Amino acid sequence: MGRGKLRIYLGAAPGVGKTYAMLSEAHRRVERGTDCVVAFVEHHQRPRTEVMLHGLEQLPRMELEHRGAVFTEMDVDEVLRRAPAVALVDELAHTNVPGSRNDKRWQDVEELLAAGIDVVSTVNIQHLESLGDVVESITGVRQRETVPDEVVRRADQIELVDMSPPALRRRMAHGNIYKPDKVDAALSNYFRPGNLTALRELALLWVADRADEYLTEYRSEHRVSKIWGSRERIVVGLTGGPEGRTLIRRAARLAEKGAGGEVLAVYIARSDGLTSASPKELAVQRTLAEDLGGTFHHVVGDDIPAALLDFARGVNATQIVLGSSRRKTWQYVFGPGVGTTVARESGPDLDVHIVTHEEVAKGRGLPVARGARLGRSRIIWGWAVGIGGPVVMALLLNTIDLGLANDMLLFLAVTVAAALLGGLLPALASAAFGSLLLNYFYTPPLHRLTVADPKNIVAIVVFVGVALSVASVVDLAARRTHQAARLRAESEILSFLAGSVLRGETSLEALLERVRETFGMESVALLERAGDVDPWTCAGSAGPSPAARPEDADVDMPVGDHTALALTGRVLPASDRRVLAAFAAQAVVVLDRQRLQFEADQAKELAEGNRIRTALLAAVSHDLRTPLAGIKAAVSSLRSDDVAWSDEDRAELLEGIEDGADRLDHLVGNLLDMSRLQTGTVTPLFREIDLDEVVPMALLGVPEGSVDLDIPESLPMVAVDAGLLERAVANLVENAVKYSPPDARVLVAASAMADRVEVRVVDRGPGVPDEAKDRIFAPFQRYGDAPRGTGVGLGLAVARGFAEAMGGTLNAEDTPGGGLTMVLTVRAVDHRPDLAARSAVAERQAS
């Protein structure tokens, strides 16, 4: 039995219609005769969605008791026993109740897929793990229920369920998403137009990137080289000259005109040295391209136009932006130039923009080198001159008589020209052929291949010797130029590699991708093993289907005894292996750095633990000693037989003992709580409770009449650990009362917003500057000039730790008019009536 297929309906926000679309698809499949069942679907009391469940087989759910309440979850065993063709599983990112088969619902789905059951599911864009920070910066809400991106990316089908923000807000206002008492809060918070627009853009871009991955994979599998203009991708060809900045900005403006446009700046290091680039200027252009949202690429290619076109077609580009040539007019005798060649060979599917700039026709910044090799055209010209030149010269000299010496000098000039153009072999051919023509036409006896005068023999021998010497010198110069240009190209690549190290680009995958791109390979993998007989493992890779063993690769670059860089795609020449070795060594360094960073992070955690323990000892030595000393003195006084205490004095001493014991209890409780948080041993026991059961209990430790309480009865229940929530609220209230003026009461208010409940503790104290709002939550921090003995500075740290342990947040905000507001957010629980009652409501509304 093969693996099942996963189809996901992706939405930008709750209420766009993911579940409705999933149920509609189920009805279509049932009508076609497909065995489709509802494994778990939440309709959230939305009548239209609830009606869609009618006519579909619903499997029984599993009931779990947790902290005195009963919860229902998908029964994986029941779905596997039923073994349908298709199972509907709502809310892929859902966290299962403790005691379930798996921690996450997506893990349940993986089991169903492994059993060969097709699954249709739903998820919102904010629940993707990689987008957690982005969504939090947009909405201010941290999503605790997430699903790994790879799980969603592996889906066989992803369908975007889209709805414009105004339409979604109208649905919300009509009561089609949340209950009426939650609508106003939702519209003014999570469902603000800006939030919905940003989330919608995230969803659209994510789906577009996924579609682009599908397209790239398809083109690679089917070896499609023709460009498909599915998205505007603009390649900027850089020479390293100052005009590059103008080209990048021009390309960025072109990209802005089309939705989803991309800019890819590419510098091609030509091994023949025909380009002269400034490393400093390339670094500036790289930064500019990345600042404008583009990417920078460094490619090696012997033929710049061909390499540029290959790169553009490889990334499925639609446009190429090049600058007008900086060559002077006379330099065009060496060829039409890169821009003209690219425009001529680009084809109908790739547009080429030639952009003017201030450096046009001003010449190159550095002398033009003549290349790593002479090139095919020069060799052809060299042979043409070497063979045809002596013939033409013989025809011309037969019409005029200049003397043997002049005739030999002219033939020598033809040989030198052949050497300059084509190198050694054309020059040798020219020297041999020219000497035969000299002997036949101009050396007595004429028209015979013999020489009568010995002096003429010497002249011909000198002619051949000079011709061979000149040809050898020219060929040697070409070889030295080739070596210098090759070394310069390698130095440019190594300089770029060193620059990436200095810039802190320590991602192993990014470096391997750079290797794959630079050498034009299909995949690159860094392999390692513990010993000579141990199997190879992949420490990092780039590209599809990387080699699993060095012997499976086209290029194997060993690094040490147990590490190797394996490349697939083509066999590299020996001259490229020196640069590849530098990349391989750097890859090992990056891998070691990542591991050292991991160890450093662990050491940092240990150091932080040591700091906490040191602070705990300091707190025990001072802050705990003070109340102990007070209690000791009061008890000693009461036990003294030398003094007859009055009832009032005795009551005062007993009150002091009680206050000291309360302070000890509070301090020791906070110290123990912080110790539990630092060691990660806080395990919340969640249950559904009302806030009015917990918050009043948290106010018992503050003076009577110092706090106003505002907790509406209509608030939904919350899923929290009652003990942790009480301690967190108590610490917040005690801190607020401590800093509030005597005539100002602290306000504790609660409100519901979308799927969360906020508890606000508002004081009218001096407030906290913005730069200190995060610092006050650090352990052992006293704000301002608070004297010792007022606490060890753990109250807010413990409160935030408990809030985060329960999946909530705790942040500080300014109180309008002065003061500080602590905002504690916890997850709300949406109670639903039973299925029969919901069906009756749906039927009445439908009628």
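Keep in mind that what you see is a predicted model, and the values were worked out from it rather than measured.
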### Query
Can you tell if the side chain of Leu202 reaches within under 4.5 Å of the side chain of Gln126, non-hydrogen atoms only?
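Not in contact.
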### Student check: side-chain heavy atoms of Ile158 and Trp206 closer than 4.5 Å
yes
What are the two closest non-hydrogen atoms of [X] and [Y], and how far apart are they?
X: Ala566; Y: Leu527; value: CB-CD1, 4.0 Å
X: Ala252; Y: Leu292; value: CB-CD1, 3.9 Å
X: Ile268; Y: Leu308; value: CD1-N, 3.3 Å
X: Ala13; Y: Leu168; value: CB-CD2, 4.0 Å
X: Arg169; Y: Arg192; value: NH1-CA, 3.8 Å
X: Met163; Y: Val16; value: CE-O, 3.7 Å

### Message
Quiz question: by atom type and distance under 3.5 Å, do the side chains of Thr356 and Ser324 form a donor-acceptor pair?
### Response
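Ser324 and Thr356 do not have a side-chain donor-acceptor pair below 3.5 Å.
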### Task
Look at Glu129 together with Lys104 and state whether they make a salt bridge at an N to O cut-off of under 4.0 Å.
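Answer for the salt bridge query: no.
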### Query
Under a 4.0 Å N-O cut-off, is there an ion pair linking Arg595 with Glu599?
no
Atom [atom1] in [X], atom [atom2] in [Y]: separation rounded to 0.5 Å?
X: His353; Y: Leu254; atom1: NE2; atom2: CG; result: 5.5 Å
X: Arg313; Y: Ser346; atom1: CZ; atom2: OG; result: 7.0 Å
X: Leu322; Y: Glu243; atom1: CG; atom2: CD; result: 10.0 Å

### His127 side chain to Glu145 backbone, donor-acceptor under 3.5 Å
yes
### Query
Under the 3.5 angstrom rule, does the side chain of Asp554 hit a backbone N or O of Gly569 as a donor-acceptor pair?
yes
### Query
Near Lys5 NZ, under 6.0 Å, is it more than 12 heavy atoms from other residues, nucleotides or ligands?
no
#### Entry: Atom CZ of Arg245 with >12 non-hydrogen neighbours under 6.0 angstrom
no
### Task
With sequence neighbours left out, write down each residue that passes side-chain contact (heavy atoms from CB on, under 4.5 Å) with Arg344, or none if nothing qualifies.
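Result, side-chain contact (heavy atoms from CB on, under 4.5 Å) vs Arg344: Pro336, Thr340, Thr341.
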